[in-house]
There are 2 protein chains.
Amino acid sequence: MWLHIVTRKEVAKMAGVSEATVSRVLNNVGPIREDTKRKVLEAAEILGYYPNALAQSFARRRSGNLGVILPYVPKVHIFSTYYFSEILNGIGEQVRGLGYDMLLIFRKPGVENGYMDLFRSHKVDACILLGTTDTPAERKALKALEEAGHPFCLVNQHFEGERFLEVDADHEQGAYEAVKHLLEEGYRKIAFLNGPPEYSNSLDRLKGYVRAMSEAGIINPAASLTEAIPPEWLDSGNYSRTSGYEAAKRFFRNKDHIDAVFAANDRMAIGLMQGFRDLGMHPGKDIAIVGCDDSDGARITDPPLTSVSVPFYQMGMMAAKLLLTDSVSEDHPKQDGGTGHQIQMSTKLVVRSSSRGNPA
Amino acid sequence: MWLHIVTRKEVAKMAGVSEATVSRVLNNVGPIREDTKRKVLEAAEILGYYPNALAQSFARRRSGNLGVILPYVPKVHIFSTYYFSEILNGIGEQVRGLGYDMLLIFRKPGVENGYMDLFRSHKVDACILLGTTDTPAERKALKALEEAGHPFCLVNQHFEGERFLEVDADHEQGAYEAVKHLLEEGYRKIAFLNGPPEYSNSLDRLKGYVRAMSEAGIINPAASLTEAIPPEWLDSGNYSRTSGYEAAKRFFRNKDHIDAVFAANDRMAIGLMQGFRDLGMHPGKDIAIVGCDDSDGARITDPPLTSVSVPFYQMGMMAAKLLLTDSVSEDHPKQDGGTGHQIQMSTKLVVRSSSRGNPA
DNA sequence: AAAATTTATGTACGCGCGTTCATTATCGCT
DNA sequence: AGCGATAATGAACGCGCGTACATAAATTTT
């Protein structure tokens with residue numbers, strides 16, 4: 001027994017028409033008499049005909065795939081982070097509606113611009129790049145992609161000075177509101193646990209932090225970003241819970257000069273809470289904590305974590321939409337008079353009890 | 001300016017050989033003189049030749065894609081659950097090494113056996129199905145797939161009586177050890193918050209629970225599974241945190257007859273903890289809680305949650321490996337003398353403080 | 001009623017590659 | 001040198017589909 005693959009030819013024969021007509025009927029192209037259409041569809045139904053997607057892609061010279069590139073971080077299960085999960089969800093929802101498929105690719109560790117091959121080999125029609133960092137190599141690779149005219153979109157990362165297609169969130173405003181909230185709650189000695197500098201968010205959040213603190217007259221707005229901030233208020237981790245836990249120890253040394261910490265993501269914020277707790281402090285009481293992402297984790301800590309909600313899901317949807325309905329199907333990689341798309345979505349502070357103590 | 005696509009033909013011309021030879025060199029097939037090989041590779045390098053993956057797939061009649069089917073649950077961001085994330089990570093790691101790509105597909109809501117089309121249209125060479133449930137429609141669809149000879153693998157779900165390729169975990173043993181641990185800690189009045197019955201895990205865990213409780217002489221091993229259990233000890237939710245929270249209220253009504261709860265996943269366990277806390281009880285002290293999955297969440301609750309660790313990551317890897325190195329590349333969908341692969345991986349209890357109180 | 005459209009369908013080709021088969025170069029041996 | 005065997009290469013085809021072009025049928029216009 002061998003499963004015969006039904007082809008267009010057989011449908012044509014059964015329907016008594018040419019192969020071209022079958023093709024036209026199934027693709028809804030050109031004028032077709034109503035009853036030939038019916039005949040073809042009936043024949044296809046009876047024979048159980050399914051167009052061969054491989055042949056279609058080949059003939060159309062389009063894969064029908066949207067590539068999603070994920071960073072390869074050894075030992076880290078990348079999907080397990082709220083951030084990626086949500087974005088992927090959004091992308092998935094969008095491609096689903098647009099008839100595309102989603103090709104997941106893990107960036108190869110050593111290869112510099114591995115994603116160029118994806119386009120060259122026609123495996124994808126467009127790409128969404130997640131977790132990129134602003135390094136010289138990365139910039140170069142992206143510029144090469146742009147140069148070659150391959151449509152791609154960055155999510156949650158901005159490359160200053162470039163015209164890349166980007167879907168970002170307003171992290172500066174998010175940080176500003178988070179810190180402002182702490183100030184309004186009466187906290188003054190507010191530290192900031194930032195993320196790695198190669199992510200544009202880090203600079204954004206720093207700006208927001210400085211803006212809020214300057215407006216409150218706590219730090220000198222005239223000085224440069226970092227110089228105005230007392231060193232014991234500025235620290236950084238790598239977005240892991242562990243790095244937050246470690247940072248708590250460092251902050252603890254200056255605990256008299258700190259009554260609140262704003263962290264660049266929830267995982268670090270949760271690490272901070274655990275760290276402070278292990279040092280005998282009570283998060284939400286002795287020290288206020290605010291995180292970023294408003295992940296699931298923020299709801300299950302004790303006390304629940306105040307956090308900056310970022311619309312990752314919508315950002316994923318938007319990125320896919322931009323790529324699949326502009327640059328690809330039509331043919332104008334840039335619009336808005338050549339400025340390209342630089343979408344920025346707004347964040348929203350979700351206040352929970354980790355930041356509602358009564359500071360001295 | 002228009003980007004010319006370099007084809008095999010041009011490489012052949014530059015290297016002064018035929019197209020067939022170019023093909024042979026790049027695919028390492030047949031005997032080739034060392035210097036022609038060099039010539040071809042040089043020409044390819046100079047011209048920047050990349051084989052067209054679409055054409056390759058078409059000619060080979062293999063897509064090179066491993067499909068991963070995810071359940072479509074409206075309003076639920078499926079990736080955000082630890083369970084799926086980990087499995088996808090494992091699959092991703094495996095396909096990466098095998099030169100395959102990973103095509104993510106969300107099962108369409110209405111369509112009964114939508115994945116049949118994926119095979120028929122040759123979009124995928126094999127499929128991993130996640131989040132399937134044991135319903136008549138699903139069984140039928142899977143049997144049809146099997147009948148048609150399409151290689152697929154189920155992860156974390158077992159269909160009793162079928163010979164499907166499955167990678168499951170030993171949830172019965174996991175539940176057994178979890179309950180036994182509670183018994184050893186001195187708890188006797190142990191309730192069980194199960195998941196929906198259409199998941200095979202639910203029955204597995206129920207068996208494990210009953211086995212442990214029977215061995216301890218607490219319930220009658222002779223009676224049927226459910227009859228032996230006092231009704232106030234058996235409840236079920238839908239794996240969401242909320243359903244755990246709600247269950248806490250029900251258990252609370254019989255709080256004098258309950259001093260521990262074993263939950264079928266961490267999210268429900270966390271919901272239980274929050275629910276009991278809101279009712280004035282202290283999880284880990286007034287009532288012991290044990291979950292399943294050993295997700296990230298288990299580490300950040302207060303108290304940290306004892307949980308049954310399930311090797312989802314390895315399960316994903318294994319599923320991909322089975323499909324991509326047996327059924328697909330070679331051609332024997334079943335081995336072990338026709339029993340098919342039914343892999344079962346072991347679980348491991350991770351004890352934390354949510355289950356180390358001192359029960360009365 | 002014939003010519004000029006418009007509508008509907010068929011014919012033929014190519015997309016870029018893998019691969020079979022035929023052909024030629026190379027080698028080992030008597 | 002001659003022969004058979006093997007190594008190396010080229011010529012040719014087909015995979016299943018989209019589509020440009022040619023053609024035939026139906027419709028409108030003159």
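The chains referred to below are lettered A, B, ... by the order of the sequence lines, with proteins before strands, and numbering in each begins at 1. What you see below is based on every heavy atom in this structure, not just the backbone, and it leaves out hydrogens, waters and symmetry mates.
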Do the side chains of B:F152 and B:E146 get nearer than 4.5 Å, heavy atoms only? yes
The correct set of residues in residues 21-42 of chain A placing a heavy atom under 4.0 Å from DNA chain D is A:S23, A:R24, A:N27
Which residue, A:G16 or B:V6, contacts DNA chain C at a nucleotide closer to its 5' end, judged by nearest heavy atom? A:G16
Under 3.5 Å, is there a donor-acceptor pair between the side chain of B:Q342 and the main chain of B:L165? no
Between A:Q56 and B:H122: side-chain donor-acceptor atoms closer than 3.5 Å: no
What is the nucleic acid contact for B:R8, judged by heavy atoms within less than 4.0 Å: base, sugar-phosphate only, or nothing? base
Is a side-chain donor or acceptor of A:S63 paired with a backbone partner of A:K123 at a separation under 3.5 angstrom? yes
Nearest whole angstrom, please: distance from the P of C:dG18 to the CZ of B:R61. 12 Å
Ignoring hydrogens and angles, tell me if any N or O in the side chain of B:T7 forms a donor-acceptor pair with the backbone of B:K9 under 3.5 Å. yes
Between the CG atom in B:L322 and the CD atom in B:E166, the distance rounded to the nearest 0.5 Å is 11.5 Å
I need the residues from residues 43-52 of chain B with at least one non-hydrogen atom less than 4.0 Å from DNA chain D; give them sorted by number, or say none. none
Please work out which of the three classes, parallel, tilted or perpendicular, describes the rings of B:F164 and B:F159, given edges at 30° and 60°. perpendicular
Leading and trailing nucleotides of DNA chain D with any atom under 4.0 Å from heavy atoms of chain A: D:dG16 to D:dA20
Kindly say whether A:V17 contributes a backbone atom to a donor-acceptor pair with the side chain of A:T21 at under 3.5 angstrom? no
Taking NZ, NE, NH1 and NH2 as the nitrogens, is one of them in A:E42 or A:R38 under 4.0 Å from a carboxylate oxygen of the other? yes
Flag side-chain contact, heavy atom, 4.5 Å: B:I87 against B:L130: yes
